[in-house]
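One structure is given below, encoded as structure tokens.
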Number of protein chains: 2
Amino acid sequence: MTEWSGFLVHNLSMSQAFTVHDIARLAGVSAMTVSRALNHPERVSPALLAQVLEVVRRTGFVPNGMAGGLRSSRARLVAAVLPTLVGPVFQETIQSLNQTLDAHGYQLMIGQSGYNESREDALLDAIIRRRPDGIVLTGIMHSAAGRRQLLASGIPVVETWDLTPTPIDMLVGFSNEEIGASACAYLQQRGYRRPALICGGDERAQRRAAGFQRMARTLGWEAELPVYLAPAPATLASGRAGLSDLLARASGIDAVFCSSDMLALGVLIEAQARGLAVPQQLAIVGLGDLEFAASLQPALTTVRIDGTRIGQTAAHYIIDRAEGHAIAQPIVDIGFTIVERATA
Amino acid sequence: MTEWSGFLVHNLSMSQAFTVHDIARLAGVSAMTVSRALNHPERVSPALLAQVLEVVRRTGFVPNGMAGGLRSSRARLVAAVLPTLVGPVFQETIQSLNQTLDAHGYQLMIGQSGYNESREDALLDAIIRRRPDGIVLTGIMHSAAGRRQLLASGIPVVETWDLTPTPIDMLVGFSNEEIGASACAYLQQRGYRRPALICGGDERAQRRAAGFQRMARTLGWEAELPVYLAPAPATLASGRAGLSDLLARASGIDAVFCSSDMLALGVLIEAQARGLAVPQQLAIVGLGDLEFAASLQPALTTVRIDGTRIGQTAAHYIIDRAEGHAIAQPIVDIGFTIVERATA
DNA sequence: CTGAAAGCGCTAACAC
DNA sequence: GTGTTAGCGCTTTCAG
């Protein structure tokens, strides 16, 4: 008793973490029994188990996962790479990824690449070093060095939020081009004739814009639609600025397709501030179906992407792989839907 | 050449990661030289360095950080615990934490505790296992088991977004009680006499509400102000629902203090939908000064917390500790300001 | 059910 | 400037 508390105080003052051997000594057992008590309690006799757990509790011991992971080569860690934490666009995906992994005993680690290829490579290196059980990429990996490292590492990889004919490994996404094209067709069918675009600075947003333009040409509209390029990350302020700019530059605009709901909210507020009736004088279509979209006044028409499904699917792909199962359908297009509400 | 590519293919097909020894063999040097080439290139002769790096490049080799970290006991990793990724309240903090750490070669790992003490303990365990160089907590740690483990691990800890007389280690925060009291005094001074509260479900929000109530009593207002408790996470929809509920339950409300800007946006939209003039008929004060607050119409009056400073300070505390420096001022109250705009 | 030995992949410490 | 040896803390494997 006194010996223990003495040990504890000494240890704390040194800021030295305990090891299984310390715990073993204090509990009068071998290191192996400590390890088993923590990882396979059913394989240890109740008496020893109680002794060990009591010492663990008293000392606040937490085993060193680097050592365990090194030996067992299972980190119980999944890494996700996001362009940004600021935009709420990926929240649903992250949320469900986290939940699903957590339910299976995996921890999620999030890294921010900042829409920048060299930062992404550095981040990827830091991630691969930790030998996670899987890596979830937001968007597809373009850098040749990154692809090579990912391939060489043998770590399961899921690319998301996009499609490519040449995925590194597994893929759960949708066609950004198609989204743009569908949004354009939707506006045409609703009777709008002079759409403009407010488009984020990232590559996926630009492919959506390209799809929109392509469809506009197919429909026989003028070759170049007015576009406002908003710097990443997409903000409400950019949306307001974007509409002001478009209105000043082009005449007769009757609809705006925004590459995020936050931009769309900015457009809505700017329109209201200018006394433009939505959707009579200006239609607005957003993207993301963020939490607030349905609660706006008027409610926002937007492109919905099932982020929850992306996250769940990615998590299951990785868990299945980690447990040695084969993935039946490692490439899936989950599509999207246009949620028709009041703004378009 | 053929030998290399043969090796490469073989290796890939086995999905077996390379080790420093593989690279050493392929480059015709010792494992130590590979390690040095990667970590201290200046200590290796240019000729060998080039040889090694070429093999590393060809193979896509990334060293195993668990092994390195185990040996050198520096993980170059900092972990942060957030209640939720959904609310945008902590984004500024995370953003600056990430940036500052990144600039110093540390990686940030984010875990989500979900406003739940037992989840928080499990997450903490997973984090301590990885022996990060520091842990940033959002809010203060209450669980005795968690405190003990943190203390025993010897890992530098920074608690944030709150104050406590008994921090585990370092602290950078502000008084939630004071925020509530100041918001109340502010409204009183602006001539409002019948305020209500919309308050998130987490503990910090409730302490803000308590501070508000305390000040209301000091000012001689009625004992119990009307309160709407919004479930976490705070959403725009909760804000709308909250105002509707308050208006139905209490009469004469002329101001609302919300525990997040997102709730405040909901209140604003609900007020506009009901034709209530803001701030003439209803004043609104938010919290967070999120990106959109200044761009709303009318612009939102809100309590600003310098999240960037919290993140930077926390990062520097941890980096300094990791490099063995003592922290001069390990507990700091960064305060808050009320940003006076158009809604109150 | 429990323990002893060996080794995961890397790098600190020490030779040369 | 380069190589050799040893060991970080844990868990797999094998013996008792």
Side-chain angles (χ1 to χ4, degrees), chain A residues 11 16-53 56 59 61-77 125-126 128-133 152-155, chain B residues 11 16-53 56 59 61-77 125-126 128-133 152-155:
Chain A
N11 207 294
Q16 266 283 326
F18 293 93
T19 73
V20 275
H21 291 98
D22 297 323
I23 306 302
R25 197 177 320 119
L26 291 170
V29 298
S30 75
M32 238 358 267
T33 300
V34 174
S35 172
R36 275 195 280 256
L38 260 14
N39 299 311
H40 306 282
E42 74 285 359
R43 296 187 204 164
V44 175
S45 69
L48 285 192
L49 180 61
Q51 265 176 61
V52 172
L53 292 186
V56 167
T59 52
F61 172 66
V62 178
N64 185 327
M66 291 201 263
L70 181 57
R71 184 66 245 234
S72 65
S73 61
R74 303 201 66 220
R76 301 231 125 218
L77 208 220
D125 189 278
I128 296 176
R129 273 172 198 262
R130 300 195 206 279
R131 300 290 189 266
D133 298 302
S153 73
I155 299 170
Chain B
N11 207 294
Q16 266 284 327
F18 293 93
T19 72
V20 276
H21 291 98
D22 298 323
I23 305 303
R25 197 178 320 120
L26 291 169
V29 298
S30 75
M32 209 41 232
T33 300
V34 174
S35 171
R36 274 196 279 256
L38 260 13
N39 298 312
H40 307 281
E42 74 284 359
R43 296 185 202 165
V44 175
S45 70
L48 285 192
L49 180 61
Q51 266 176 60
V52 171
L53 293 185
V56 167
T59 52
F61 171 66
V62 177
N64 185 326
M66 291 200 263
L70 181 57
R71 184 66 246 233
S72 65
S73 62
R74 304 200 65 219
R76 300 233 126 219
L77 207 220
D125 189 278
I128 296 175
R129 273 172 198 264
R130 298 192 207 283
R131 300 291 190 267
D133 298 302
S153 73
I155 299 170

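Note on naming: letters A, B, ... go to the chains in the order of the sequence lines (proteins, then strands), and numbering restarts at 1 for each one.
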Could you check how far [atom1] of [X] sits from [atom2] of [N], rounded to whole Å?
X: B:Phe18; N: C:dC8; atom1: CZ; atom2: P; answer: 18 Å
X: B:His40; N: D:dG3; atom1: NE2; atom2: P; answer: 16 Å
X: B:Met66; N: C:dC10; atom1: CE; atom2: P; answer: 11 Å
X: B:His21; N: C:dG7; atom1: NE2; atom2: C1'; answer: 12 Å
X: A:Asp22; N: D:dC8; atom1: CG; atom2: C1'; answer: 14 Å
X: B:Arg74; N: C:dC10; atom1: CZ; atom2: C1'; answer: 16 Å
X: B:Gln51; N: D:dG1; atom1: CD; atom2: C1'; answer: 14 Å
X: A:Arg43; N: D:dT12; atom1: CZ; atom2: C1'; answer: 11 Å

Can you identify which nucleotide, out of [options], has its nearest atom closest to the [X] side chain?
X: B:Asn39; options: C:dC10, D:dT2, C:dT11; result: C:dT11
X: B:Ala31; options: C:dT11, C:dC1, D:dC10; result: C:dT11
X: B:Leu70; options: D:dT2, D:dG9, D:dC10; result: D:dG9
X: A:Met32; options: D:dG9, C:dA4, D:dG3; result: C:dA4

**Report entry** Pairwise 5' ranking along DNA chain D for A:Asn64 and B:Arg36, keeping only the more 5' one
**Finding:** B:Arg36

Can you see which heavy atom on [X] is nearest to which on [Y], and at what distance?
X: B:Ala24; Y: B:Ala31; result: CB-N, 3.5 Å
X: B:Asn64; Y: A:Arg131; result: N-NH2, 3.5 Å
X: B:Ile23; Y: B:Phe18; result: CD1-CB, 4.2 Å
X: A:Leu70; Y: B:Met66; result: N-SD, 3.9 Å

Query - C:dG9 base / A:Arg131 side chain donor-acceptor hit below 3.5 Å - result: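 Between C:dG9 and A:Arg131, which were checked side chain against base, a qualifying N/O pair under 3.5 Å is absent.
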
Query raised in the report: Is there a donor on the side chain of A:Arg71 or the base of C:dG9 sitting less than 3.5 Å from an acceptor on the other?
Result: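 By the distance-only test, no, there is no pair.
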
Query raised in the report: Hey, does the side chain of A:Arg130 reach the backbone of A:Ala75 with a donor-acceptor pair shorter than 3.5 angstrom?
Result: no

If the cut-off is 4.0 Å, is [X] near the phosphate of [N], judged by side-chain N/O to OP1 or OP2?
X: B:Ser30; N: D:dT4; value: no
X: B:Thr33; N: D:dG3; value: yes
X: A:Ser72; N: D:dC10; value: no
X: A:Ser35; N: D:dT11; value: yes

Query - Divergence of helical axes at both termini of the helix from C:dC1-D:dG16 to C:dC16-D:dG1 - five pairs an end, 10° steps - result: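 Between the axes fitted at each end of the helix from C:dC1-D:dG16 to C:dC16-D:dG1 lies an angle of 30°.
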
**Report entry** B:Ser153 side chain reached by A:Val62 side chain, heavy atoms, under 4.5 Å
**Finding:** no

Report task. Decide yes or no for A:Leu38 and A:Phe61: does some side-chain heavy atom of the first lie under 4.5 Å from some side-chain heavy atom of the second? Result ->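 In short, these two side chains touch, coming nearer than 4.5 Å.
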
Query raised in the report: Considering the options B:Val52, B:Leu49, B:Val34, which one meets the side chain to side chain contact (heavy atoms under 4.5 Å, CB included) requirement together with B:Val44?
Result: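 Going through B:Val52, B:Leu49, B:Val34 one by one, the side chain to side chain contact (heavy atoms under 4.5 Å, CB included) with B:Val44 is satisfied by B:Leu49 alone.
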
